[in-house]
Amino acid sequence: MNRLLAFIIIVVVSVGVVAGTSNWLFNDVKLGLDLKGGFEILYEAQPIEPGGKVTKDSLVETAKSLEARANATGVAEPEVTTEGANRIRVKIAGVSDEAKVRDILKKPAELTFRSSDGCAADKGYCKVELRGSDFKQNGANVQQTNLGQYEITIKLKSAKQFADVTGKIAKLAPNNQLAIYLDDTLLSAPNVNGVIDSTDASITGNFTREEATNLKNTINLGALPLNLTEKYTQSVGATLGKLSLKETLFAGAIGTVLILLFMMIFYRLPGIIASFSILVYIWLLLLGFNLIGATLTLPGIAAFILGIGMAVDANIIMAERIKEEMRSGKSILSSQKAGSKHSFRTIIDAHVTTSIAALVLFFIGVGSVKGFAVILLLSIVISILTNVFFSRLLLTLIIRSGLIKKKSLFGVKESEVSAL
Amino acid sequence: MRYNFGQVNERKFSFVAKARYFFIFSIIITILGIGTLAIFGLNYGVDFRAGSSVDIALKKDLSGQKDAIEKYLGDSGFGKPGLTVGSNRVTLRFNDVLTDAKEKELKAGFAEKFDKGASFEVNTVDTEIAKELQTNALKAVLVASIGIVIYVSIRFEWRFAVAAIVALLHDAFIVISLFSIFRLEVNLPFIVAVLTIIGYSINDTIVIFDRIRENLRFAKLKTSADVANVVNESIWQTLTRSINTVMTVVVAALCLLIFGSVSIKLFSLAILFGLISGAYSSIFIASPLWLLLKNKQKPKAAVKSPAAS
C-alpha cells in the first residue's frame with residue numbers, strides 16, 4: 001500500500017509542478033531570431049591601417065563596442081560573440097526598427113582630424129593627421145559656450161602630438177584649417193593660428209542641443225578598433241518569425257500527442273507511464289534550456305525532435321523487453337526486474353554512442369552545429385534521468401504495490417505466454 | 001533440409017539470406033547518388049551561393065500578380081531575380097548580394113506597392129562562411145565516427161563498429177543523394193538535418209547490435225550458419241521495437257513537414273528520408289554486414305566467444 005501511495009504522490013507532485021510552472025517556463029524560453037524576428041550579422045574584421053594585425057584584444061574590444069552601440073539603441077539583450085580569429089557575430093532578436101539598429105551598428109564613426117598638407121588644390125583636406133585611436137575613449141562631452149551655442153569637447157591622448165600637428169598646420173596659412181571629420185562628413189574646419197599644447201579640443205558648429213548630444217554619443221560609441229565587413233546576414237520579420245513559431249509549435253504538439261496516444265494504446269500500462277515520463281522529460285528539457293540560457297532556434301527544434309525520438313525509443317525498448325520476458329512465462333514482477341535490467345544496458349550503450357557524436361560536434365562544430373550539439377547533449381542526459389530511472393521507478397512502484405495482476409495490461413495476450 | 005540454415009524458422013523471413021539484395025539495392029542508390037552528385041552536384045541554396053534570398057510572408061493573396069511583381073522589380077532596378085509566387089508567400093533569389101540600402105528599399109517598396117502587412121526574411125551570405133560550416137561539419141562527422149568506432153570496439157568488437165559506421169555513412173549519403181537526385185535545395189539547416197540523422201542512425205543500429213551480442217553469449221555456435229541464425233533471430237526479436245520507434249519519430253517528422261513552417265519543410269523532409277534510411281540500414285545493412293565480416297574470420301575462430309576480436 002505504501003508503494004501505491006508513493007506512486008500516487010510522485011505522479012500528483014509531478015503533475016502539479018509541471019502544470020504549475022509550464023506556462024512560466026514556456027514564456028521564459030529564449031527564442032532565436034528565426035522564431036521571434038530579428039537579425040543576425042556575421043562580421044569579418046580587418047585592421048584599419050593596412051599591414052596591421054587583428055589581435056584577440058582588438059577583436060574583443062570591437063565586440064564590446066558593437067554591444068555598446070546595440071544597447072544604446074535600446075534593443076533587448078543583443079548577443080555579440082567573437083568567433084575564431086577575426087569574426088564577430090551579432091544577434092539581435094525582436095527589434096521593431098531593424099533598419100535603424102543596423103545603421104548604427106554599421107556606422108564606422110571614426111573621428112579624424114585632417115589637414116590639406118601636401119594635397120592638390122582640388123582635393124581639400126586629404127591628409128589624416130589624427131585618427132580615432134588618438135582620442136580618449138568616452139572623452140567627448142557637450143558644452144554650452146558663452147554665446148549659448150552647443151559645442152562638443154574631445155580629449156586627446158597626447159598633448160605633444162596635438163602640439164606637433166597644430167604647429168605644422170599653423171604654418172600652412174592661408175590653408176591653416178584643421179578639418180574635423182566624422183567618417184567622411186566634415187563637421188567643422190576651424191583655423192589654427194598657433195601651436196596648441198593641450199589635450200583638449202572642441203568642435204563648434206551650429207548644432208542644436210539634440211544634434212550635439214547625438215554627435216557626442218556617436219563619437220563616444222565610435223572609433224571601432226577594426227574595420228568590419230558583413231559576411232552573412234539574416235533578417236527575419238517579426239510577423240514571419242512568430243508565424244514560424246506558431247506553425248512549428250502546432251506541428252510539434254500534434255506530433256507529440258500522436259506519439260503519446262500510440263504509446264498508450266500499444267503498450268498499455270508501460271505506455272501510460274512512458275507518456276508521463278516523456279511529458280516530464282519535455283518539461284525538464286525546457287527547464288534545462290532556461291538554466292543554461294540556451295536559445296531555441298529551428299535547428300534546436302530538430303535536436304528536440306531527435307531527443308523525443310530517443311526518449312520514446314528508451315521507453316519502447318524497456319516495454320518490449322518486459323513483454324518478451326512475460327511471454328517467456330515469467331511473472332509480472334520478475335519480468336519487470338529482468339526487463340529493466342537488460343534494457344538498461346542497451347539504452348545506455350545507445351545513449352553513450354550518440355553522446356560521443358554530440359560531444360565531438362560540440363567541440364569541433366561552430367555556429368548552428370554547436371548549438372545543435374548542446375541541445376542534443378542536454379536531451380541525452382535528461383532522457384536517461386526520466387526515461388530510464390523515472391519510468392522504471394514508477395513502473396516498479398505500481399507493480400510492487402500488487403495492483404497489477406494481468407499481463408494484458410502490458411499488451412501481452414495470455415495465449416502468447418509460453419510455459420516456463 | 002539442404003536449404004535449412006541451422007534452426008531457421010521457415011515461417012520467418014530471413015534478413016540474412018536475402019542480405020545480398022539489400023546490399024545491391026543500397027549500392028545502386030549510392031552509385032546513382034555519386035552519379036548525380038558528380039554530374040549535377042547539389043542544388044545549393046543561397047547559403048552556399050553568393051547572393052541574397054528574400055522570403056516574404058503576405059497577408060494578401062498575390063498569386064495572380066506575378067507579372068506585376070516582376071515589372072515592379074525591373075522598374076525599381078532590382079533586375080530579374082528568381083521569383084516564386086505562392087498564395088501567401090513570395091520568394092526572391094538574387095544572384096548578387098543585396099546591399100543594405102537596396103534591402104531597405106525593397107522592403108519599403110514592396111510593402112507599399114503590394115501588401116502593407118508583408119513580413120520579410122532576408123538572408124545574405126558570403127559563400128565562404130557556408131562552405132566553412134560544411135567542411136567543419138564534415139570534419140566533425142569524421143572525428144565523431146572515429147570516436148564511435150573506439151567506443152563500440154571496446155564495448156562490443158571492431159566488426160560491430162565498422163558495420164555501424166558503414167550504416168551511418170550510408171544514411172547520411174542516401175539523404176544527400178536523394179536531395180541531389182530530386183534537385184532539392186540545400187541550405188545550412190540541411191547540415192543540421194544530416195547530423196540529426198547520424199545521431200538517430202547510430203542509436204538505432206546499436207540497439208540491434210546489443211541484442212546480437214547478448215544472444216551470442218548464450219548461443220551454441222558450431223557453424224557459420226549458427227551465427228547467421230543468431231543474427232536473424234536478433235533482428236526479429238528487436239523488430240517490433242525498430243518499427244515502433246521509427247514510426248513514432250517519422251510521425252513527428254511528418255507533422256513538422258505538413259504543419260510546420262515553410263522554412264523547415266525541406267529540413268523535415270531531409271530528416272524523414274534519413275529516419276527511414278536509418279531504420280532500413282540498421283536491419284538490412286548493418287547486421288548482415290557484421291555477419292559478413294564475422295564470416296571472413298578464420299573458420300576456427302568463428303566458433304569462439306564473440307568478445308575476442
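The figures that follow rest on heavy atoms only: side chains count, while hydrogens, waters and symmetry mates do not.
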Selection from Ile198(B), Asp210(B), Ile56(B) maximising heavy-atom pairs under 4.5 Å formed with chain A
Asp210(B)
Do you know which of Ala57(B), Ser119(B), Ala164(B), Ser201(B) has the most heavy-atom pairs with chain A at a distance under 4.5 angstrom?
Ser119(B)
Leading residue by heavy atom contact count with chain A [cutoff under 4.5 Å; candidates Thr238(B), Val251(B), Ile206(B), Asn203(B)]:
Asn203(B)
Part of Arg155(B) lying under 4.5 Å from any heavy atom of chain A:
side chain
Looking at Thr229(A) and Glu44(A), would you say the former's side chain and the latter's main chain have a donor-acceptor pair under 3.5 Å?
yes
Determine the option with the most heavy-atom pairs under 4.5 angstrom with chain B, choosing from Ile316(A), Asp313(A), Ile259(A).
Asp313(A)
Specify which of Val246(B), Asp55(B), Ile202(B) makes the most heavy-atom pairs with chain A at under 4.5 Å.
Ile202(B)
Less than 4.5 Å to any heavy atom of chain B: does that hold for the side chain of Phe266(A), its backbone, both, or neither?
side chain
Contact part of Leu359(A) toward chain B, heavy-atom cut-off under 4.5 Å: side chain, backbone, both or neither?
neither
Check: Ser282(B) main-chain N/O paired with Ser287(B) side-chain donor or acceptor under 3.5 Å
yes
Report the option among Ile146(B), Leu254(B), Val54(B), Ile148(B) that has the most heavy-atom pairs separated by less than 4.5 Å from atoms of chain A.
Ile148(B)
With respect to chain B, which residue among Leu249(A), Thr346(A), Ile356(A), Leu361(A) yields the maximal number of heavy-atom pairs within a distance under 4.5 Å?
Thr346(A)
To the closest 0.5 Å, what do you measure between CD1 (Ile88(A)) and CD1 (Ile41(A))?
11.5 Å
Option in Ile191(B), Val143(B), Thr205(B) with maximal non-hydrogen atom pairs under 4.5 Å from chain A:
Val143(B)
At a heavy-atom separation under 4.5 Å, does Val152(B) approach chain A through its side chain, its backbone, both, or neither?
side chain
Evaluate the ring planes of Phe209(B) and Phe160(B), with Trp represented by its six-membered ring, and classify them as parallel (under 30°), tilted (30 to 60°) or perpendicular (over 60°).
tilted
Within the side chain of Lys231(A), is there an N or O that forms a donor-acceptor pair under 3.5 Å with the backbone of Tyr43(A)?
no
Residues which pass salt bridge (charged side-chain N to carboxylate O under 4.0 Å, His left out) with Glu105(B), listed by chain and number, not counting sequence neighbours
none
Rounding to 0.5 Å, atoms CG (Leu272(B)) and OG (Ser277(B)) come to a distance of 11.5 Å
Determine the sole option in Arg321(A), Lys323(A), Arg327(A) for which the salt bridge (charged side-chain N to carboxylate O under 4.0 Å, His left out) test with Glu325(A) is passed.
Arg321(A)
